[in-house]
2 protein chains.
Amino acid sequence: MNNATDDLRIHEAPATLRALAVDRLRGAIIAGRFQGGDRLVERTLCDQLGVSRSVVREVIRTLEAEGLVETQARSGPVVARLDWSQARQIYDIRRLLEAEAAADCAFLADAAVKARLRAALAALDTAFAEATPQALYAATTGFYEVIFTAAGHDVAWEIVQRLNGRISRLRAMTLATKDRRTSGPAHMARIAEAICANDPVAAAKAVREHLKDAAEIARKLLETP
Amino acid sequence: MNNATDDLRIHEAPATLRALAVDRLRGAIIAGRFQGGDRLVERTLCDQLGVSRSVVREVIRTLEAEGLVETQARSGPVVARLDWSQARQIYDIRRLLEAEAAADCAFLADAAVKARLRAALAALDTAFAEATPQALYAATTGFYEVIFTAAGHDVAWEIVQRLNGRISRLRAMTLATKDRRTSGPAHMARIAEAICANDPVAAAKAVREHLKDAAEIARKLLETP
DNA sequence: GTTCGTAATATGGTATACCAACATACAGTC
DNA sequence: GACTGTATGTTGGTATACCATATTACGAAC
């Protein structure tokens, strides 16, 4: 009978207003609808999001902890600025964590993981064709989620997700440059290939090359403002 | 005249109630006054902390983002449980980030950094003599803060601080075991020594050994409950 | 013994009120 | 005309009251 109750169980959380509002505001920041340094006036956000001040304040605390929002004393929350020094550090950390995860994933990957990885890669291709910040964010998140969870690196995945939120505002800018549109999926494919071949060394190397490339593009965008 | 205005400038933020409450509650969790799985009832916390519900809710959002609190749907926030799988991952990530930071710090350290490092090490010794969770937390935080900020790894320092909050509940337990009290400061001294000698390789090695040791102690505590 | 209803508790969400801090503009005084 | 003081509006911080809902326990009815 356990099977039957499992099938009937409602898995989706009933999405609190707060969770929806966090997603909405995070999406707006990532999509570039708020610039770094823009003030986030509480009462204005209440109108824009259609929720009360309590919810807005809790949402701001959440995004503050994610590093997307900074609150200056007596002046209120503003969208965090992103400079090259921060972005470089973020790419450095991602390099460490993702290389390790890809290697472990390559070591552990079975047929099911490989199938999920190929599906994520296909979704990534269609997202790159669509070329909207939201679609790209969702697709890359899906791709790495397979790698990190298959490797058993839950905690690292939390961290990388948070870091990703902070730099994926770059993606909106990066979409303007043409080179990324080709090099991105190619690198991802190389990573997936190495994992499907159960080759940890090659997987880690592919990740490092991918991030070196992405960091280089970010540097060009940010270093001379 | 610029000097005079600089001297008069007020640097300390006037500490919002929220910030105080976050520190207080985080401290209580780290000190072991709440066990993993304990429910954090909002209105009870209002009484215990002496603040309003708005503040408590925002505090909970902050600690939730730090990983110290988890909120289950329809049941409210509880203190996060810490199992060996999570702790092992945390030590793995710290090993990556701290080894890199120690190496960079050793590469960059000048006389001022070395002086601050020695001061932090001295503070650490007195904290180990005192042997309270709060003192140890503050002292180890101070020690690593010198290393990370001197290395210019601000972002990694944010992450490590957050991870530290999650595992420093172990320190309260670890204080019971006698071996840690000797091996801890000895390892820290080795790390400081390598940095003061501007030897990146030795610094990274010392960090890895320290964390290997700390993880081993944690494993003994957590693996068989 | 099972089932149903109800009350207590806790939560999510909302609205509102109050206060302090800051900025701006406008007047008043020398 | 320059400085000073005040009025006002906006904003963040805090507190409180209220409602709807979910969970749980308890007790009554069958």
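Chain letters run A, B, ... following the sequence lines, proteins first, then strands; residues in each count from 1. As a basis for the values below, the full set of heavy atoms in this structure was taken, side chains included, without hydrogen atoms, waters or symmetry mates.
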| task | Examine the side chains of A/E64 and A/T71 and answer whether a donor and an acceptor come within less than 3.5 Å of each other. | result |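 Their side chains do contain a donor-acceptor pair, which is all the 3.5 Å distance test asks for.
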Is there a side-chain contact between [X] and the phosphate of [N], meaning an N or O under 4.0 Å from OP1 or OP2?
{"X": "A/R18", "N": "C/dG13", "result": "yes"}
{"X": "B/S52", "N": "D/dA15", "result": "yes"}
{"X": "B/R57", "N": "C/dG12", "result": "yes"}

| task | Between B/G50 and B/R43, name the one whose nearest nucleotide on DNA chain D is closer to the 5' end. | result |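 On the 5' side of the pair lies B/G50.
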| query | Want to settle it: does B/E42 or B/S54 sit nearer the 5' end of DNA chain C, counting the closest nucleotide to each? | reply |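 Of the two residues, B/E42 wins.
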Rounded distance in Å - [atom1] ([X]) to [atom2] ([N]):
{"X": "A/E64", "N": "D/dG12", "atom1": "CD", "atom2": "P", "answer": "13 Å"}
{"X": "A/E58", "N": "C/dA15", "atom1": "CD", "atom2": "P", "answer": "14 Å"}
{"X": "A/L45", "N": "D/dT10", "atom1": "CG", "atom2": "C1'", "answer": "15 Å"}
{"X": "B/I60", "N": "C/dG13", "atom1": "CD1", "atom2": "P", "answer": "13 Å"}

| message | If you count every heavy atom of other residues, nucleotides or ligands that lies below 6.0 Å from B/R53 atom CZ, does the total exceed 12? | response |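 Yes - once you tally the heavy atoms of other residues, nucleotides and ligands closer than 6.0 Å, there are more than 12.
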| said: Could you check whether A/R166 pairs with B/E158 (Lys NZ or Arg NE/NH1/NH2 to Asp/Glu carboxylate O, under 4.0 Å)? | reply: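 Result for this pair is yes, salt bridge flagged.
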| Does a salt bridge link B/E58 with B/R61, judged by any charged N lying under 4.0 Å from a carboxylate O? |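 No, no charged N to carboxylate O under 4.0 Å.
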| said: Heavy atoms from C-beta onward define the side chain here; which of C/dA10, D/dG12, C/dG13 lies closest to that of A/R53? | reply: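 Within the option list, the nearest is D/dG12.
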| Is any side-chain N or O of A/R39 under 3.5 Å from a base N or O of D/dG12, one able to act as donor and the other as acceptor? |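 There is none.
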| With a 4.0 Å cut-off on heavy atoms, is B/L40 in touch with a base, just the backbone sugar-phosphate, or nothing at all? |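 Contact class for B/L40: sugar-phosphate only.
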